[in-house]
Participant: 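My questions will all concern the structure given below.
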Protein chains: 2
Amino acid sequence: MDPMLTITDVSRRSGVASSALRFYEERGLIASERAGSGHRRYPRSVLRRIAFIVFAQRIGLTLEEIAAELAKLPADHVPTRRDWSRLSGEWRKRIDERIAELQRLRSGLTECIGCGCLSIDRCSLANPADMAGRKGQGPRYWLG
Amino acid sequence: MDPMLTITDVSRRSGVASSALRFYEERGLIASERAGSGHRRYPRSVLRRIAFIVFAQRIGLTLEEIAAELAKLPADHVPTRRDWSRLSGEWRKRIDERIAELQRLRSGLTECIGCGCLSIDRCSLANPADMAGRKGQGPRYWLG
DNA sequence: GCTTGACTTCAAGTTAACTTGAACTTGTAG
DNA sequence: CTACAAGTTCAAGTTAACTTGAAGTCAAGC
């Protein structure tokens, strides 16, 4: 009946390893209180926060971006569904762009590779849009 | 009029850095001949091979997977369009799965976060399918 | 002959997102 | 009281895909 959860509880219920939970805390994505022993204790609301993190990762956000989003949540109360939904503004666009790119790649699979035009001179299939989570490195620019 | 290209030629025409080209060679994705000076010389066909590599990366394949695909190309002649298109079998499925996931995430953005059900107990939005290029690490499993 | 630019190799650095290991401390069951 | 599981911190290791730097070679222009 204790409302607070141990790190193992949270790990089991979220599917996120304890080491990752400590790492998230270090990066400021989640927080914990401490029991007298020094052990972490989490309120239930952390589970939703973690769900949000995992969700955002699947979309392609980096932890840094996610941290920035989470920082927009009000500090004075446990976030409501309204608070959460305010965070998703930019995301829809991002998902749509990535879907569009994949569809382009998909049709290129038939048309471009199939027809033999997959040549750097004429084909502009792979383009640099989105590429979430990899900035400033790699040679992945492609001038279509 | 020389049919062979230098590494800078290839880099400029493909948009892939020379350091990356050397790296690809080391990993067996591309090959080069050597001029008397020891400098690399590439046949034009390498450009299509590189286009294929970049394309496959955008889809989400790792270099290791791409190398495995490329190994299926015939060694006795410069690949034809038919040779190339044979390689794309599995890909379509992969793209479709990733698109489906993104669409699922997208609707979750409205329905799940919006309605407030983004809770680890009830929500199964983020699932582990695909996750190209990240195996055996990270806590990114999510039991829907 | 000298400088410049393109090229070479090889080792080490980079980034994200964690994991692993070492060295300890705490909590719980018997 | 003794195990042993569960927790803690902190530093270092891991993986992918490259990049960067050091140190040296080679070809072309002046």
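Sequence lines set the chain letters: A, B, ... in the order given, protein chains first and strands last, and positions in each chain run from 1.
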Participant: Just compare C:dT9, C:dC18, C:dT19 and give me whichever is closest to any side-chain atom of B:Arg40.
Facilitator: C:dT9

Participant: With DNA chain D as reference, determine whether B:Ser19 or B:Glu64 sits nearer its 5' end, using the nearest nucleotide of each.
Facilitator: B:Glu64

Participant: Which residues pass the side chain to side chain contact (heavy atoms under 4.5 Å, CB included) test with B:Asp83, not counting sequence neighbours?
Facilitator: B:Leu73, B:Pro74, B:His77, B:Pro79, B:Thr80, B:Arg86

Participant: If you only use heavy atoms from C-beta on, which nucleotide in D:dG7, D:dC18, D:dT8 is closest to the side chain of B:Tyr24?
Facilitator: D:dC18

Participant: Using a cut-off of 4.0 Å on non-hydrogen atoms, how would the nucleic acid contact of B:Thr6 be classed: base, sugar-phosphate, or nothing?
Facilitator: sugar-phosphate

Participant: Of the options D:dC18, C:dC18, C:dT19, whose atoms approach the side-chain atoms of A:Ala17 most closely?
Facilitator: C:dT19

Participant: Counting any heavy atom closer than 4.0 Å, what does B:Arg27 reach on the DNA or RNA strands: base, sugar-phosphate only, or nothing?
Facilitator: nothing

Participant: Nearest to the B:Thr62 side chain among C:dT8, D:dA17, C:dC18, which nucleotide is it?
Facilitator: D:dA17

Participant: Which atom names give the shortest non-hydrogen contact between B:Phe55 and A:Leu105, and what distance separates them?
Facilitator: CZ-O, 3.3 Å

Participant: Give the B/S/- string for nucleotides 25-30 of chain C, one per nucleotide from 5' to 3', where a protein heavy atom under 4.0 Å of the base yields B, of only the sugar-phosphate yields S, and otherwise -.
Facilitator: -SS---

Participant: List the atom pairs, donor and acceptor, that lie under 3.5 Å between side-chain atoms in residues 27-35 of chain B and the rest of the protein, sequence neighbours left out.
Facilitator:
unit_1, atom_1, unit_2, atom_2, d
B:Ser32, OG, B:Glu25, OE1, 3.0
B:Ser32, OG, B:Glu25, OE2, 3.1
B:Arg34, NH1, B:Gly38, O, 2.9

Participant: So, is B:Arg34 near the phosphate of C:dT9, with a side-chain N or O under 4.0 Å from OP1 or OP2?
Facilitator: yes

Participant: If you compare all heavy atoms of A:Arg98 against all heavy atoms of B:Ile59, which two are closest, and at what distance to 0.1 Å?
Facilitator: NH2-O, 4.3 Å

Participant: Of the listed nucleotides (C:dT9, C:dC18, D:dT9), which one gets closest to any side-chain atom of A:Arg22?
Facilitator: D:dT9

Participant: I'd like to know if the side chain of A:Ser14 and the backbone of A:Val10 have a donor-acceptor N/O pair within less than 3.5 Å.
Facilitator: yes

Participant: Return the CG to CG distance between B:Asp96 and A:Leu102, rounded to the nearest 0.5 Å.
Facilitator: 9.5 Å

